[in-house]
Amino acid sequence: MRTLTLPEGLTATVEEPAQPAARPPVLFVHGMFGGAWYFEKFQRCFAAHGYPSYAINLRGHHDSRPVHDIGTVSVRDYVDDTRLALGAIRRAPDGALPIVIGHSMGGLIAQKVAEAGAVSAAVLLCAAPPRGISVLSRSLLALAPRFGPAIVRSRALYPRPEDAARLVFNRTPAAEQRALFDRFAPESGRAAREMAFSLIPVDAAKVRCPVLSVAAADDRMVLPRVGRRIARKYHARHEEFPERGHFLVWEPGWEAVAEQVACWLEA
């Protein structure tokens, strides 16, 4: 696995298959506080299936495209980053557009690039929803006293280990949680507000590529009902994995999720 510098100073990790195949490239897009690092396992799995893959670090994350104030970055800014990356990664031999796989906030970004006709398929993993589908739940509302001011004022958000353990790592072994949390980056209060209040629209009529919506039954950040509603919006296939949490890209059992996604793409 190597690091690639993309246009505008963005960075991505790259994993190539040992035996090149006529597969379109895959772009992985991370969620809030995250980075390319947490797709490491998925990238190796997809390389075994013959897919070259790229995992972007969105601006302001892990030495990718510096920003003056991360708190003011919008979801649309991240969509712009993703479209730049899609334009930069190589095409398959048959000229097919890349595939996008987005997790959490990255899932909303994936919906936007699908709306723009920039991908041949979109996979939405525990995805944040577009306008018209609420993501708010009791567990998220409980964060309002601490994070509300930064969200309203477009300031940087800094996660807490206890919040991550409860909402993101609830299915991740306790022995791994601290090391994973230490890799988290500050996030945009503006982007969080746009997602919390479902302010980002997506025109389903413009999403013409195949879409797979994946939910985790024990997800406490994006409840499974959100994934089901997203699937209905796009007339998409929906998969819900039991005994999985929000961090299903890394936690035990990630292999089943990755294999199911790869099989769907190949079908």
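These figures come from a predicted structure and were not determined experimentally.
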Just distance, no hydrogens or angles: give the donor-acceptor pairs under 3.5 Å from side chains in residues 95-105, sequence neighbours left out.
residue : atom : partner : partner atom : Å
His103  : ND1  : Tyr38   : OH           : 2.8
His103  : NE2  : His246  : O            : 2.7
Ser104  : OG   : His246  : NE2          : 2.9

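To the nearest 0.5 Å, atom CZ of residue Arg190 and atom CD1 of residue Ile70 are 12.0 Å apart. In this structure, CD in Glu176 is found 9.5 Å from CZ in Phe247, a value given to the nearest 0.5 Å. Distance check: Leu6 CG to Tyr54 OH gives 9.0 Å after rounding to the nearest 0.5 Å. The CG atom of Leu212 sits 7.5 Å away from the CD atom of Gln260 when rounded to the nearest 0.5 Å. To the nearest 0.5 Å, the span separating CZ on Arg220 from CG on Leu140 amounts to 12.5 Å. Rounded to the nearest 0.5 Å, atoms CG (Leu199) and CZ (Arg193) are 7.5 Å apart.
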Candidate pair Leu167 and Leu143, rule side chain to side chain contact (heavy atoms under 4.5 Å, CB included), full reasoning: CA-CA 11 Å; Leu167 298 175; Leu143 300 175; 3.6 Å; yes
Evaluate the side chain to side chain contact (heavy atoms under 4.5 Å, CB included) criterion for residues Leu157 and Met32: first the C-alpha distance (whole Å), next the side-chain angles of each, then the deciding distance (0.1 Å), finally the verdict. CA-CA 10 Å; Leu157 296 178; Met32 292 185 69; 3.9 Å; yes
Report the C-alpha separation of Asp80 and Leu84 in whole Å, then their side-chain angles, then the decisive distance to 0.1 Å, and conclude whether the side chain to side chain contact (heavy atoms under 4.5 Å, CB included) test is met. CA-CA 6 Å; Asp80 289 343; Leu84 276 173; 5.8 Å; no
Could you walk me through whether Val135 and Ile133 satisfy the side chain to side chain contact (heavy atoms under 4.5 Å, CB included) test, starting with their C-alpha distance in whole Å, then the side-chain angles of each, then the deciding distance to 0.1 Å, before giving a yes or no? CA-CA 7 Å; Val135 74; Ile133 302 174; over 6 Å; no
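Using a cutoff of 4.0 Å between basic side-chain nitrogens and carboxylate oxygens, Arg178 and Asp182 are scored as salt-bridged. Using a 4.0 Å cut-off between a side-chain N of Lys or Arg and a carboxylate O of Asp or Glu, Lys41 and Glu255 do not qualify as a salt bridge.
Among all heavy-atom pairs drawn from Ala196 and Leu136, the shortest one is O-CG, 3.4 Å. The shortest non-hydrogen separation linking Phe33 to Glu187 is N-OE1, 2.9 Å. Taking all atoms of both residues into account, the shortest heavy-atom contact from Ala256 to Arg244 is CB-NH2, 4.0 Å. Here the shortest heavy-atom pairing between Tyr78 and Ser188 reads OH-CB, 4.1 Å. Ala231 and Ser213 get closest at one heavy-atom pair: CB-CB, 3.9 Å. Nearest heavy-atom pair, Glu251 versus Gly245, reported as atom, atom and distance to 0.1 Å: OE2-N, 2.5 Å.
Pairs of residues two or more places apart, or lying in two chains, that qualify as side chain to side chain donor-acceptor pair (under 3.5 Å) and include a residue from residues 110-133 are Gln111-Tyr234, Lys112-Glu115. Listed by first then second residue, pairs satisfying side chain to side chain donor-acceptor pair (under 3.5 Å) with a partner in residues 136-153 read Ser137-Ser139, not counting sequence neighbours. Listed by first and then second residue, the ring-ring contact (aromatic ring centres under 6.0 Å, His included) pairs that reach into residues 121-155 come to none, sequence neighbours excluded. For residues 175-219, every residue pair satisfying the ring-ring contact (aromatic ring centres under 6.0 Å, His included) rule, not counting sequence neighbours, is listed here: Phe169-Phe184, Phe181-Phe184.
Using a 3.5 Å distance cut-off with no hydrogens or angles, the side chains of Asn170 and Asp218 do pair a donor with an acceptor. Using a 3.5 Å distance cut-off with no hydrogens or angles, the side chains of Trp264 and Glu239 do not pair a donor with an acceptor.
Taking 4.5 Å as the limit, every side-chain heavy atom of Pro129 sits out of range of all side-chain heavy atoms of Arg229. Side chains of Thr3 and Thr5 form no contact here, defined as non-hydrogen atoms less than 4.5 Å apart. Within the 4.5 Å cutoff, no side-chain heavy atoms of Val26 are placed close to those of Phe39. When side chains are defined from C-beta on, Glu259 counts as touching Cys45, because their heavy atoms get closer than 4.5 Å.
With a 6.0 Å radius and a threshold of 12 heavy atoms from other residues, nucleotides or ligands, Asp69 has its CG atom above the threshold. More than 12 heavy atoms of other residues, nucleotides or ligands shown are found within 6.0 angstrom of CD on Glu266. For Arg166, the CZ atom sits in a packed shell: over 12 heavy atoms of surrounding residues, nucleotides or ligands are nearer than 6.0 Å.
A donor-acceptor pair under 3.5 Å links the side-chain atoms of His30 to the main chain of Leu58, judged by distance alone. Of the possible donor and acceptor atoms, one in the side chain of Ser64 sits under 3.5 Å from a partner among the backbone N and O of Thr11. Checked by atom type and distance alone, the side chain of Glu240 never pairs as donor or acceptor with a backbone atom of Ala215 at under 3.5 Å. With hydrogens and angles disregarded, no donor-acceptor distance shorter than 3.5 Å links the side chain of Thr72 to the backbone of Ser154. Although no hydrogens or angles enter the test, the distance criterion places a donor-acceptor pair under 3.5 Å between the side chain of Gln43 and the main chain of Ser53. The main-chain N or O of Ala36 is found under 3.5 Å from a side-chain atom of Asn57 such that the two form a donor-acceptor pair. Remark: side-chain polar atoms of Arg232 are not paired, donor with acceptor, to backbone N or O of Ile230 under 3.5 angstrom. No donor-acceptor pair under 3.5 Å is formed between the side chain of Arg2 and the backbone N or O of Val14. Distance alone, capped at 3.5 Å, is enough to place a donor-acceptor pair between the Glu194 side chain and the Val75 backbone.
Shown are Leu10, Ile109, Val119, Asp77; of these, the side-chain contact (heavy atoms from CB on, under 4.5 Å) with Thr82 is made only by Ile109.
The aromatic rings of Trp37 and His62 stand perpendicular to each other, their planes meeting at an angle above 60°, with 30° marking the opposite boundary. Relative orientation of the Phe46 and His49 rings is tilted, given thresholds of 30° and 60° on the angle between their planes.
Through direct or indirect side-chain contacts shorter than 4.5 Å among Ile, Leu, Val, Met, Phe, Trp and Tyr, Met1 is connected to no other residue.
Neither Met195 nor Leu223 shares a network with the other; the hydrophobic side chains, linked directly or stepwise wherever heavy atoms of I, L, V, M, F, W or Y lie under 4.5 Å apart, form separate groups for each.
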